[in-house]
Structures are given as structure tokens and as C-alpha cells.
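As the structure is a prediction and not an experimental result, all values here were calculated from the model. All values below were derived from every heavy atom in this structure, side-chain atoms included, with hydrogens, water molecules and symmetry-related copies excluded.
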Amino acid sequence: MPELIGNRTYIKGYHTQEYRATELEQPIKCSDKNAWLGIGYYFWLEEEFARYWGQDFKIYGKSESYDIYRADLNIGNCINAVFDEDGYLFFREKIEETIQYFQNKGIPVSLEKVNRFLADNIWPKLGVEGIIYDDKPTNPRKSDRVYSEIPDLYYKKRIQIVIFKLKNVSNFELHLEDQN
């Protein structure tokens, strides 16, 4: 749960990266063109999903192990599309407006184009510095993992947080080293 420290709201987040001999001093920015929420620093709300991400995406063809870092995230200027109804409706509205804008102009809609448009034209003007989002409950690379003891009832939210500005990440430290 968010913790109020001074006049800022912080939440703990977990950042997964492939194992490196040298400990990271800051998170690594995801610049993948198909990143769910755009280019930024990605964190998981729960360690469990940070582990799954490491197992599914950080060990194959790389170092064969991964690290999990923990940090305090200033979410005061983030859209909370998970726990806040207004945040969810606002996020949804901006996505749908962007899709409609593309369709009206005859531009094919893609995850990359929507994210780029929002990142370049909408989020900065509105002072949005991150997004808290309920991601899909499963990873395509690990279809045999059990995410719920009750099939199709995903009662655990797989919450991702993207932070667009590094200034909103503090107390970044190694949490779990060399997992495999």
C-alpha cells in the first residue's frame, strides 16, 4: 500500500534484471518499442511477479540468472489505473481518444504508436510521471505456471508500475541476487 512520507506518496516496487557481476546503482530504462506503458523504468508491486518476470524473460540466452532490486517509487504524479476509479477511467479515456484519433486519420493502431503519442503529446502536458497498471495475469512464455488455484479467477493482480522520470525512484537497492 502507498505510504505517505512528507508530502509525497511512495510505494515499494521490484525491478528485475539479468544478473550482472556489478550491482546496479539505478534501474535500467525499458526502451522496447512495444513496452506496455511506454518507455520508462518498470517495477512490479509484488516480489512474486518480479520473480516470474526474471524466470520467464531475464534468464534465457543471457546470464542464466537474474537479480531483483527494490526501490521506493514516488507515485504522487502517476495515473493509478488499478486502485483508483477516476485514475482508471482517465487512463481508459486517453487510450480510447488516441485510438479514435488514429482511426480518424487512417493511421493503423499499434501499441507502439499509442504509447509514443501519449508519451509525446499527452502525458507531459498533464504532468503524468508514471502509470500503475494491472497487467495481464499470465506470461506467454510460461503457460504451465499456476496463477490461481481457481481456474480463471485471477484474484491476485499482476500490477506493473512504470516511472517515466528517474527522479521518482529512490532507495534503489539489491533485494535478491543471482536467482535462477
Derivation and outcome, side chain to side chain contact (heavy atoms under 4.5 Å, CB included), residues E177 and L174: CA-CA 7 Å; E177 184 177 24; L174 184 61; 3.7 Å; yes
CA sep, side-chain torsions, deciding dist, call: R51, E48, salt bridge (charged side-chain N to carboxylate O under 4.0 Å, His left out): CA-CA 5 Å; R51 284 178 181 269; E48 173 183 4; over 6 Å; no
Residues W123, K94; criterion side chain to side chain contact (heavy atoms under 4.5 Å, CB included); working and verdict: CA-CA 9 Å; W123 302 145; K94 294 304 172 197; 3.8 Å; yes
Worked check of side chain to side chain contact (heavy atoms under 4.5 Å, CB included) between Y10 and N171: CA-CA 11 Å; Y10 288 84; N171 301 320; over 6 Å; no
CA sep, side-chain torsions, deciding dist, call: Q160, D134, side chain to side chain contact (heavy atoms under 4.5 Å, CB included): CA-CA 6 Å; Q160 258 189 328; D134 185 5; over 6 Å; no
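In this structure, C30 and Y42 approach most closely via the heavy-atom pair CB-CD1, 3.7 Å. Summarising the geometry of Y41 relative to K165, their closest heavy-atom pair is CE1-C, 4.3 Å, with the distance given to 0.1 Å. Summarising the geometry of V169 relative to A71, their closest heavy-atom pair is CG1-CB, 3.8 Å, with the distance given to 0.1 Å. The shortest non-hydrogen separation linking F43 to G13 is CD2-C, 3.8 Å.
For residues 89-122, the set of pairs meeting the ring pair (Phe, Tyr, Trp, His ring centres under 6.0 Å) definition, not counting sequence neighbours, comprises F91-Y133, Y101-F117, F102-F117. Residue pairs meeting the side chain to side chain donor-acceptor pair (under 3.5 Å) criterion with at least one member in residues 23-32, sequence neighbours excluded, do not occur.
The shortest distance between side-chain heavy atoms of I39 and R116 falls below 4.5 Å. Between D72 and S170, some side-chain heavy-atom pair lies under the 4.5 Å cut-off. With contacts defined as side-chain heavy-atom distances shorter than 4.5 Å, the pair P108/K113 qualifies. Between F172 and P27 the shortest side-chain heavy-atom distance falls below 4.5 Å. The closest side-chain heavy-atom distance from F83 to I159 is below 4.5 Å.
With hydrogens and angles ignored, the 3.5 Å screen pairs no side-chain donor or acceptor of T98 with any backbone N or O of V114. Under the 3.5 Å distance criterion, the side-chain polar atoms of H15 are left unmatched by any main-chain donor or acceptor of I68.
Each of I11, V82, I132, L73 was compared with L45 under the side chain to side chain contact (heavy atoms under 4.5 Å, CB included) criterion, and only I11 meets it. Of the listed residues (W53, F57, Y14, Y52), just one forms a ring pair (Phe, Tyr, Trp, His ring centres under 6.0 Å) with W44, and that residue is W53.
Cluster membership check: I99 shares its hydrophobic cluster with I107, using side-chain heavy-atom separations under 4.5 Å among Ile, Leu, Val, Met, Phe, Trp and Tyr. In the hydrophobic clustering of ILVMFWY residues, with side-chain heavy atoms under 4.5 Å counting as a link, I122 and V109 come out together.
Outside the 6.0 Å centre-distance limit, the rings of H175 and Y69 are not counted as a close aromatic pair.
When hydrophobic residues (I, L, V, M, F, W, Y) are linked wherever their side-chain heavy atoms come within less than 4.5 Å, Y19 remains an isolated member.
The line from CG of L24 to CZ of R20 is 5.0 Å long, rounded to the nearest 0.5 Å. Distance CG/L37 to CG/L111: 8.5 Å, rounded to 0.5 Å. Distance NZ/K105 to CD/Q100: 12.5 Å, rounded to 0.5 Å. Atom CD1 of residue I75 and atom CD1 of residue I163 lie 8.0 Å apart, to the nearest 0.5 angstrom. N115 contributes atom CG, which lies 10.0 Å from atom CH2 of W36 (distance to the nearest 0.5 angstrom). A distance of 9.5 Å separates OG1 of T16 from CD of Q55, quoted to the nearest 0.5 Å.
More than 12 heavy atoms of other shown residues, nucleotides or ligands fall within 6.0 angstrom of atom CD in E93.
In summary, the side chains of Q17 and D67 do not present any donor paired with an acceptor at a separation below 3.5 Å, with no hydrogens or angles considered.
Salt-bridge annotation for K167 and E129: present, with a side-chain N of the basic residue lying under 4.0 Å from a carboxylate O of the acidic one.
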